[in-house]
A.B. asks: 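Please find one structure pasted underneath; my questions will follow.
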Amino acid sequence: MGVEVVTEQRDGGLMVALSGDLDVASAPSVEERLGELELPESPAVLVLDLRGLSFIDSTGLSLLINTDSRARKAGRHVTIVSGRGAPRRLLETTGLNRRLDVVEEWERGCVQPT
């Protein structure tokens, strides 16, 4: 199935909405797209909206961790919008909801760095 990536500027940050399956087959193209968005002039806040994902495997989780690590090194902030479905359950099960900045729903202003 793959992943669809849709980007939108919001509240001074960049929202990246993912839908489909984030797995070993689709993660490389998503990683490449995120790399294109992580330029020096990019917004200080990146919001990854996972609410449209129906599946994430360990490769997808690694992508989230790597994206957050790169952002921190560049002085940026990543917020992950998990929704209430499979992405949230997986982030909770793996404990990544405690390591990453995860919110259930996107609210205006939640893209502000902490």
A.B. asks: Report the distance from atom CG of Leu63 to atom CG of Leu61, rounding to the nearest 0.5 Å.
C.D. replies: 9.5 Å
A.B. asks: Please evaluate residues Val24 and Asp57 with respect to the criterion side-chain contact (heavy atoms from CB on, under 4.5 Å), reporting the C-alpha separation (whole Å), side-chain torsions for both, the decisive distance (0.1 Å), and the verdict.
C.D. replies: CA-CA 7 Å; Val24 69; Asp57 71 2; 3.9 Å; yes
A.B. asks: Suppose we screen for side-chain contact (heavy atoms from CB on, under 4.5 Å). Which residues come up paired with Ser58, at least two apart in sequence or across chains?
C.D. replies: none
A.B. asks: How many angstroms lie between CG in Leu64 and CG in Leu34, if you round to the nearest 0.5 Å?
C.D. replies: 9.0 Å
A.B. asks: With a cut-off of 3.5 Å and sequence neighbours excluded, list every side-chain donor-acceptor pair involving residues 85-92.
C.D. replies:
unit_1	atom_1	unit_2	atom_2	d
Arg88	NE	Glu92	OE2	3.1
Arg88	NH1	Ser82	OG	3.0

A.B. asks: Are side-chain heavy atoms of His77 and Asp101 found at a separation under 4.5 Å?
C.D. replies: yes
A.B. asks: Got a second to check how far Leu14's CG is from Ser42's OG, nearest 0.5 Å?
C.D. replies: 7.0 Å
A.B. asks: Output all residues satisfying salt bridge (Lys or Arg N to Asp or Glu O under 4.0 Å) with Asp23, sequence neighbours left out; order by chain, then residue number.
C.D. replies: none
A.B. asks: Could you list the residues that satisfy side-chain contact (heavy atoms from CB on, under 4.5 Å) with Asn66, not counting sequence neighbours?
C.D. replies: Glu31, Ser62, Arg70
A.B. asks: Are the side chains of Thr67 and Leu48 in touch, meaning some heavy atoms are under 4.5 Å apart?
C.D. replies: yes
A.B. asks: Can you confirm whether Val3 sits close enough to Val5 that some side-chain heavy atom of one is under 4.5 Å from a side-chain heavy atom of the other?
C.D. replies: yes
A.B. asks: Looking at every heavy atom in both Pro43 and Gly13, which two are closest together, and how far apart are they?
C.D. replies: CB-CA, 3.8 Å
A.B. asks: Hey, are the side chains of Ile56 and Leu50 touching, using non-hydrogen atoms and a 4.5 Å cut-off?
C.D. replies: yes
A.B. asks: I need the minimum non-hydrogen distance between Ser29 and Ser26, along with the two atoms involved.
C.D. replies: OG-O, 2.9 Å
A.B. asks: Could you list the residues that satisfy side-chain contact (heavy atoms from CB on, under 4.5 Å) with Arg98, not counting sequence neighbours?
C.D. replies: none
A.B. asks: For residues Gly83 and Glu105, report the shortest heavy-atom separation together with the two atoms involved.
C.D. replies: CA-OE2, 3.8 Å
A.B. asks: Which value, rounded to the nearest 0.5 Å, describes the distance between Thr79 atom OG1 and Met15 atom CE?
C.D. replies: 9.0 Å
A.B. asks: Determine whether Arg51 and Val81 satisfy the following criterion, side-chain contact (heavy atoms from CB on, under 4.5 Å), listing intermediate values before the conclusion.
C.D. replies: CA-CA 7 Å; Arg51 292 176 291 182; Val81 181; 3.6 Å; yes
A.B. asks: Which residue in the set Asn97, Leu96, Val102 passes side chain to side chain contact (heavy atoms under 4.5 Å, CB included) when paired with Arg99?
C.D. replies: Leu96
A.B. asks: List for me each residue that meets side-chain contact (heavy atoms from CB on, under 4.5 Å) alongside Glu36, sequence neighbours excluded, and say none if there are none.
C.D. replies: Glu32, Arg33
A.B. asks: Could you state the interatomic distance from CG (Leu53) to CG (Leu22), rounded to the nearest 0.5 Å?
C.D. replies: 5.5 Å
A.B. asks: Do Val16 and Val6 come close enough that some side-chain heavy atom pair is under 4.5 Å?
C.D. replies: no
A.B. asks: Using 0.5 Å steps for rounding, measure from the CG atom of Asp68 to the NZ atom of Lys73.
C.D. replies: 11.0 Å
